[in-house]
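One structure is given below, encoded as structure tokens.
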Protein chains: 2
Amino acid sequence: MQRDLVFKALADPTRRLMLDELSERKEQTLYELTARLIMRHEIAISRQALAKHIDVLEQAGLVSSEKRGKYRMLVFNDEPLRSVVNRWLK
Amino acid sequence: MQRDLVFKALADPTRRLMLDELSERKEQTLYELTARLIMRHEIAISRQALAKHIDVLEQAGLVSSEKRGKYRMLVFNDEPLRSVVNRWLK
DNA sequence: ACCATACGCAACCAACTAGTTGCATGTCAA
DNA sequence: TTGACATGCAACTAGTTGGTTGCGTATGGT
């Protein structure tokens, strides 16, 4: 969609780590992702900070989310990545 | 090389415009590029600001530069782009 | 009904960033 | 040599960003 939002989203290492996790397990709740990031990658960060990151990723179209009960399900979407680099690669 | 520098470099729309120009005409001086950006794309920005952007792009490995007389020759390099997106695309 | 839990919202803060202006330097042509 | 010109360097500034803390809300199990 909007190139700018995609690149801005990718500029942060924490968000890229989140994409790493989400590209591995395509569907997980925000809670799962948060726990996974803190435990497996030992990053010291609050839940709210990660939620803000998810908002950024969602605005860029890299993640879509859906409220399911009290959980927020997250799904990774690689389409923006493909379309965005085609400008310079051939 | 360093993923972080590449993504940070790509986060700015002006720098992406510079890459557009450089990917079209692979070799041009900083002066040419500056003139081209200001005239053809009508961006209002100083020479010094563009020079700083080039520094960022060069640190990311997306552009290499070489002093040739009083000019600074710029060359576009797409290799970092390829290696950097392979993590999520298959 | 109750309460733990998964999440949303908002205010605040320090650090970074993109931009500017001003001045210095080196190169080339006349 | 002199001067125009392409570039480099440094200080400063406004705006953005990633993070925090504190509190509110809705959902689901017991």
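Just so we're clear, the structure is a prediction, and the values are computed from it rather than from any experiment.
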Whole-Å distance separating the [atom1] atom of [X] from the [atom2] atom of [N]:
X       : N      : atom1 : atom2 : answer
A:Asp55 : D:dG18 : CG    : C1'   : 13 Å
A:Lys70 : C:dA4  : NZ    : P     : 12 Å
A:Leu50 : C:dG8  : CG    : P     : 12 Å
A:Gln28 : C:dA6  : CD    : C1'   : 15 Å
A:Asp12 : C:dA15 : CG    : P     : 17 Å
A:Ile43 : D:dG19 : CD1   : C1'   : 12 Å
B:Arg68 : D:dT7  : CZ    : P     : 13 Å

From [options], nucleotide with atom closest to [X] side chain:
X       : options               : answer
B:Lys52 : D:dG19, C:dC7, C:dT20 : C:dT20
A:Arg47 : D:dG19, D:dG8, C:dC7  : C:dC7
B:Gln48 : D:dT7, D:dC9, C:dC7   : D:dC9
B:Leu30 : D:dT20, C:dG19, D:dG8 : D:dG8
A:His53 : D:dG18, D:dT7, C:dC7  : D:dG18
B:Thr29 : C:dA6, D:dT7, D:dG18  : D:dT7

Below 4.0 Å: OP1/OP2 of [N] and any side-chain N or O of [X]:
X       : N      : result
A:Ser46 : D:dT20 : yes
A:Thr34 : C:dC7  : no
A:Arg72 : C:dG8  : yes
A:Arg15 : D:dG18 : yes

On DNA chain D, more 5' by nearest nucleotide between A:Lys67 and A:Val56 is A:Val56

Okay, side chain of B:Arg15, backbone of B:Val56: is any donor-acceptor separation there less than 3.5 Å? no

Answer yes or no: is there a donor N or O on one side and an acceptor on the other, between the side chain of A:Asn77 and the main chain of A:Gly61, under 3.5 Å? yes

Step-by-step side-chain contact (heavy atoms from CB on, under 4.5 Å) determination, A:Arg87 to A:Arg3: CA-CA 11 Å; A:Arg87 193 192 211 101; A:Arg3 300 173 65 79; 2.9 Å; yes

Might you work through the salt bridge (Lys or Arg N to Asp or Glu O under 4.0 Å) test for A:Arg25 and A:Glu32, ending with a clear yes or no? CA-CA 11 Å; A:Arg25 316 183 124 223; A:Glu32 284 174 322; 5.2 Å; no

In the structure I gave you, are the side-chain heavy atoms of A:Asp78 and B:Trp88 within less than 4.5 Å of one another anywhere? no

